[in-house]
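This report concerns only the one structure given below.
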Amino acid sequence: MILIFLAILIIFLTWKFLKTNKNSKSACIVVLGDIGRSPRMNYHCLSLHKLGYSITIIGYKESELMNELISPRIRILALSPYPKWLQIGADLVQYGIKTIFLSIDLIIRLIQINHVPKFVLVQNPPSIPTLIFVYMYCRLFNSKFVIDWHNYGHTILALKNGNQNLLVKICKKIEIFFGQRSDLNFCVTKAMCQDLGNHGIKAKVFYDKPHECFRRVDKRQKDLFIEKLVEKKMVKKINWDCCAYLVSSSSWTQDEDFQILIEALKIYDNCDNSKLAKIVLFLTGKGPLKNFYELEFKKANFKNIQVNFVWLDPGDYPLLLGSCDLGICLHKSSSDLDLPMKVVDMFGAQLPVCAYSFSCISELVKENENGLLFKNAQELSEKLKFLLADFNTNSELDKMRKNLENYPHWDDEWKTKVENELESF
């Protein structure tokens, strides 16, 4: 069966090669996830577009896309949603069926590329089947194979299945195998760069940076934006004169424990201190655990904290960050080697952050400089009290915000770290 499948693949790709022109100013970006919720890959696309490239993006088209991605030189090839009628059987069977479905779908999209790209930039994770078929495509068509390592697929699988699981071991071997054979690797931290090097994979560190749309907004813009959210009934009317606006963005998966935030807010809410600011909390994003946590927040029945679950258009999300006083990040890295993009966006909006502490978070969050770190609910509650007591006169957040005034944005970093590497092919 596998040999037949590979034979069909080779025949189709060879046929496609014979009728396809190669273009030195064309590129392909592969995201086996929602394109709209893959900001780093979107920004890669926009930077290439500015250099005159024609770009094909392969991925799921679930969320609304950035307006800048609408261009004659940017083509979206949307992957098909995994059908519900195929979601049957035990986990191992289900994984096999889904992998076959995704493989066929990905091959079809690769065949649909109009011009053989100069290079294919693939996001990892997920690793299976993306790395396998993109590598085959690149070798058959003589395109350069570039991996952008956001994290490891095998460590994410291990969250549910454990490190000794067969699928986890296979995924790790696949990542190492194809990582060693790629033409270029980018990764998001120095820690990951070192770890990849331990596996014989040479990578270049390219830190996430915010898009230029992330900026601090003035009081008038803030008031108008909050008023708009209230009018749209996305947010309850805010009746407090003095309150702090907090925000947390999430994909609502296992690597973010929002129970820590709930318990910290309970401690804060029950604290007998009239100097503490009331809190308006905005929670954004979509994901499998969102409904569960919505119920948990509702059960908490806070007195001095208003919780709002919001889903915003791409253009409104930067306005929300620019309007808030403090960001909260609960990201726990499955590999201990990646950094949360949401914090980068917050820094772009000059928004200080309280972030969960793990081994390489210090590459991004500098204690008492642009944010604070915590390990549990008690620590987080203490950080909130420190920052939000005497809110109108407390200068701690202002100091951190000032330190973020010249935080570099995406274009500056991309030009120095990525542009020459890709143009050299």
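Here the side chains of V146 and N185 are not in contact, with every heavy-atom distance at 4.5 Å or above. The shortest distance between side-chain heavy atoms of L312 and M234 falls below 4.5 Å. D411 has its side chain out of reach of L46: every pair of non-hydrogen atoms, C-beta onward, lies at least 4.5 Å apart. Side-chain atoms of F386 and L372, non-hydrogen and from C-beta on, do get closer than 4.5 Å to each other. Annotation: side chain of Y135 is not in contact with side chain of S182 (no heavy-atom distance under 4.5 Å). By the 4.5 Å heavy-atom criterion applied to side chains, I76 and L65 are counted as neighbours. Two residues are said to be in side-chain contact when any heavy atoms from C-beta on lie closer than 4.5 Å; H154 and E175 meet this criterion. Here the side chains of M192 and Y152 are in contact, with some heavy-atom distance below 4.5 Å.
Under a 3.5 Å cut-off, the side chain of K375 and the backbone N or O of S357 do form a donor-acceptor pair. With hydrogens and angles ignored, the 3.5 Å screen pairs no side-chain donor or acceptor of N403 with any backbone N or O of N370. The backbone N or O of D316 sits nowhere less than 3.5 Å from a side-chain atom of D313 that would complete a donor-acceptor pair. Of the possible donor and acceptor atoms, one in the side chain of N270 sits under 3.5 Å from a partner among the backbone N and O of K266. Of the possible donor and acceptor atoms, one in the side chain of D257 sits under 3.5 Å from a partner among the backbone N and O of Q259. In this structure, the side chain of D183 engages the main chain of F145 through a donor-acceptor pair within 3.5 Å. Here the side chain of H115 pairs no donor or acceptor atom with the backbone of I113 at under 3.5 angstrom. Between the side chain of R75 and the main chain of I57, no donor-acceptor pair closer than 3.5 Å is present. Within the 3.5 Å criterion, the main-chain N or O of P125 finds a donor-acceptor partner in the side chain of Q123. Between the side chain of N394 and the main chain of A389, a donor-acceptor pair closer than 3.5 Å is present.
To the nearest 0.5 Å, atom SG of residue C242 and atom CG of residue N392 are 4.0 Å apart. In this structure, SG on C329 lies 6.0 Å from CD1 on I361, to the nearest 0.5 angstrom. Atom SG of C193 sits about 10.5 Å away from atom CD1 of I201, to the nearest 0.5 Å. Remark: L48 CG to L121 CG distance equals 7.5 Å, nearest 0.5 Å.
When all heavy atoms are compared, the tightest approach of P210 to Y43 is C-CE1, 4.5 Å. When all heavy atoms of M346 and L321 are compared, the closest pair comes out as N-CD1, 3.9 Å. In terms of heavy atoms, R73 sits closest to G52 at NH1-C, 3.3 Å. Between L339 and C360, the closest heavy-atom pair is CD2-O, 3.4 Å.
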Would you sort out whether K299 and E296 count as a salt bridge (Lys or Arg N to Asp or Glu O under 4.0 Å), showing the intermediate values? CA-CA 5 Å; K299 286 179 193 174; E296 292 299 301; 3.2 Å; yes
Worked verdict on S54 versus S26 for side chain to side chain donor-acceptor pair (under 3.5 Å): CA-CA 5 Å; S54 296; S26 78; over 6 Å; no
Go through it in stages, so that I can follow the logic: the residues are K61 and L79, the test is side chain to side chain contact (heavy atoms under 4.5 Å, CB included), and I'd like the CA-CA distance, side-chain angles, deciding distance and then a yes or no. CA-CA 7 Å; K61 196 175 178 182; L79 293 167; over 6 Å; no
Start with the C-alpha distance between N151 and S334, add both sets of side-chain angles, then the distance that settles side chain to side chain donor-acceptor pair (under 3.5 Å), and finish with yes or no. CA-CA 8 Å; N151 199 352; S334 64; 3.1 Å; yes
Residue pair I58, L110: steps toward the side chain to side chain contact (heavy atoms under 4.5 Å, CB included) verdict: CA-CA 8 Å; I58 298 175; L110 289 169; 3.9 Å; yes
Output, in order, the C-alpha distance, side-chain angles, deciding distance and verdict of side chain to side chain donor-acceptor pair (under 3.5 Å) for S333 and D336. CA-CA 5 Å; S333 173; D336 264 351; 4.8 Å; no
From CA spacing to verdict: salt bridge (Lys or Arg N to Asp or Glu O under 4.0 Å), K190, E363: CA-CA 8 Å; K190 290 178 182 176; E363 290 190 41; over 6 Å; no
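Between the side chains of H199 and Q180, no donor-acceptor pair is found at a separation under 3.5 Å.
Under a 4.0 Å N-O distance rule, the pair K402/D398 does not qualify as a salt bridge. Look at E256 and K342 and you find a salt bridge, because one of the NZ, NE, NH1 or NH2 atoms lies within 4.0 Å of a carboxylate O, short of that distance. With salt bridges taken as basic N to acidic carboxylate O contacts below 4.0 Å, one links D148 and R40. Note on K228 versus E231: no salt bridge recorded, every NZ/NE/NH1/NH2 to OD/OE distance being 4.0 Å or above. With respect to R37 and E64, no salt bridge is recorded, no charged nitrogen being found less than 4.0 Å from a carboxylate O.
Around the NZ atom of K366, the shell of radius 6.0 Å holds more than 12 heavy atoms that belong to other residues, nucleotides or ligands. In N406, the CG atom is not crowded: 12 or fewer heavy atoms of neighbouring residues, nucleotides or ligands sit closer than 6.0 Å. Residue Q194 qualifies as open at atom CD: its count of foreign heavy atoms under 6.0 Å is 12 or below. The local environment of NZ in K237 is sparse, with at most 12 non-hydrogen atoms from other residues, nucleotides or ligands closer than 6.0 Å. Crowding of K290 atom NZ: a count of heavy atoms from other residues, nucleotides or ligands under 6.0 Å exceeding 12.
In this structure, K286 satisfies the cation-pi test against W311, with its NZ or CZ atom closer than 6.0 Å to the six-membered ring centre and inside 45 degrees of the ring normal. Geometrically, K98 engages Y82 in a cation-pi contact, judged by NZ or CZ lying under 6.0 Å from the ring centre and within 45° of the ring axis. For the pair K222 and Y245, the cation-pi criterion (under 6.0 Å, within 45° of the ring axis) is fulfilled. At least one test fails for K383 against the ring of Y268: distance under 6.0 Å to the centre or angle within 45° of the axis. Cation-pi check for K332 over Y356 is met; the charged atom lies under 6.0 angstrom from the ring centroid and within 45 degrees of its normal.
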All N/O donor-acceptor pairs, side-chain side in residues 275-282, below 3.5 Å, sequence neighbours left out:
none

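The six-membered or imidazole ring of H44 lies near that of W410, with a centre-to-centre distance under 6.0 Å. Aromatic rings of W252 and F309 (six-membered ring for Trp) have centroids within the 6.0 Å cut-off, being under it.
Of the options Y137, F178, F177, a side-chain contact (heavy atoms from CB on, under 4.5 Å) to I132 is made by F178 and by none of the others.
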